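Note that ligands are numbered from 1 as they come in the structure, with each ligand's atoms numbered from 1 the same way. Worth saying up front: this structure is predicted, and the values here are computed from it rather than measured.
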Amino acid sequence: MIKLAVFGNPIEHSLSPDIHAQFAQQTGLTVEYKKILAPINGFSESANHFINEGASGFNVTVPFKLDAFNFASKLTLNAKMAGAVNTIKIKDKVIIGENTDGIGLVNDLVSNLKIDLKDKVVLILGAGGATQGILLPILEKSPKRVMIANRTASKAKKLQQDFLSYGKTCGFGLEKIKHDPVDIIINATSASLDGKMPDIAGGCANGAICYDLMYGKQTPFMDWAKANNAAMIVDGLGMLVEQAASSFEFWTGKKPNTQPVISNLRR
Ligand code: ATR
């Protein structure tokens, strides 16, 4: 029995147990994957309790990704650069922290949507934790340039500095976005949560692939993309399944088939 879980607060709406049950069925592994509601100030205690029950690993979601980063005794490069951990694996009693969010996004773009990132101009909206989590896997695909635009310009500039050695990035304020079309726009702001879309130059979306990290509903970003003639508009459901697949592989060594799982969830 492989004991897994997802920690969060709140956690009741998480789709992860359903996704991992489908992966387990596909791969023939016996997996128990549960939701654990940890107290806001009690992540470590709750995680240690689960580890003592014989856990092989677990996922971590809002608001515990930074707690998990500090909790891990060893970090992958991905997790280090993301500054956050969404996947913990217990191996020979060592607590290894990984972050599969960015890998999930890139796998959705490359494998599912057949979008080659090489030599593409990518514009990311937002410079918070979500952006930091996706930058390294994106830069590893050798885009021509990654532009990070944020309401608070200094945070975008800070990310530019931090990721300088991994590829060509630039950081600036949202108001500096030009009307020149780009290849891919990724919405990594949390503005959609408030039903908002920042007021930015619409011309950049003309003919672009517009990807919202959020899923589950049509977001203001997706409406904006449509109004500005985007070539393709995608939500983050594929990323959700792909990050789960990458975690599953990290724990079990088995790579699940994500396509039927994405189709099931879309239905
Ligand atoms: P997450 O982990 O989801 O990235 P975060 O670290 O709080 O959450 O970052 C939220 C991001 O959304 C930030 O880039 C934030 O911009 P600021 O750095 O200027 O705060 C951005 N954001 C949130 N609401 C926004 C809004 N209404 N318009 C523009 N950007 C917004």
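Relative orientation of the F71 and F58 rings is tilted, given thresholds of 30° and 60° on the angle between their planes.
If you look at F7 and F64, their ring centroids are not closer than 6.0 Å.
Remark: the N59 side chain and the S16 side chain contain no N/O donor-acceptor pair separated by less than 3.5 Å. When only modelled atom types and interatomic distance are considered, E45 and H49 share no side-chain donor-acceptor pair under 3.5 Å. Judged by distance alone, the side chains of N99 and T76 never bring a donor and an acceptor atom under 3.5 Å apart.
Considering only non-hydrogen protein atoms, atom 29 (C) of ligand 1 sits nearest to P198 CG, 3.6 Å. Atom 12 (O) of ligand 1 has as its closest protein heavy atom S190 N, 3.0 Å. The nearest protein atom to atom 6 (O) of ligand 1, hydrogens excluded, is given as G129 N, 2.9 Å; this is a heavy-atom distance. Closest to atom 21 (C) of ligand 1, if we only count protein heavy atoms, is T189 CB, 3.8 Å.
Within ligand 1, counting atoms from 1 as listed, the ones closer than 4.0 Å to a heavy atom of K155 are 17 (P), 18 (O), 20 (O). Every atom of ligand 1 with a heavy atom of G126 under 4.0 Å away is listed here by number and element: 14 (O). Within the listing of ligand 1, atoms 1 (P), 2 (O), 4 (O) sit less than 4.0 angstrom from a heavy atom of A130.
Here the closest non-hydrogen pair linking Y211 and L113 is CE1-CD1, 3.9 Å. When all heavy atoms of A230 and I233 are compared, the closest pair comes out as CB-CG1, 3.9 Å.
A salt bridge links D101 to K65: at least one charged side-chain nitrogen sits closer than 4.0 Å to a carboxylate oxygen.
Considering both main-chain and side-chain atoms, L174 never comes within under 3.5 Å of ligand 1 through any nitrogen or oxygen pair. For ligand 1, the polar-atom distance check against A127 finds a nitrogen or oxygen pair separated by under 3.5 Å. Inclusion of T152 in the set of residues having an N or O under 3.5 Å from an N or O of ligand 1 is warranted.
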Legend entry - Residues W251, T87; criterion side-chain contact (heavy atoms from CB on, under 4.5 Å); working and verdict: CA-CA 9 Å; W251 294 317; T87 307; 3.6 Å; yes

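Atom 9 (O) of ligand 1 is flagged as protein-proximal [any protein heavy atom, distance under 4.0 Å].
Under 4.0 Å from ligand 1, the heavy atoms of N150 that appear belong solely to its side chain. Within the 4.0 Å heavy-atom criterion, both parts of R151, backbone and side chain, lie near ligand 1.
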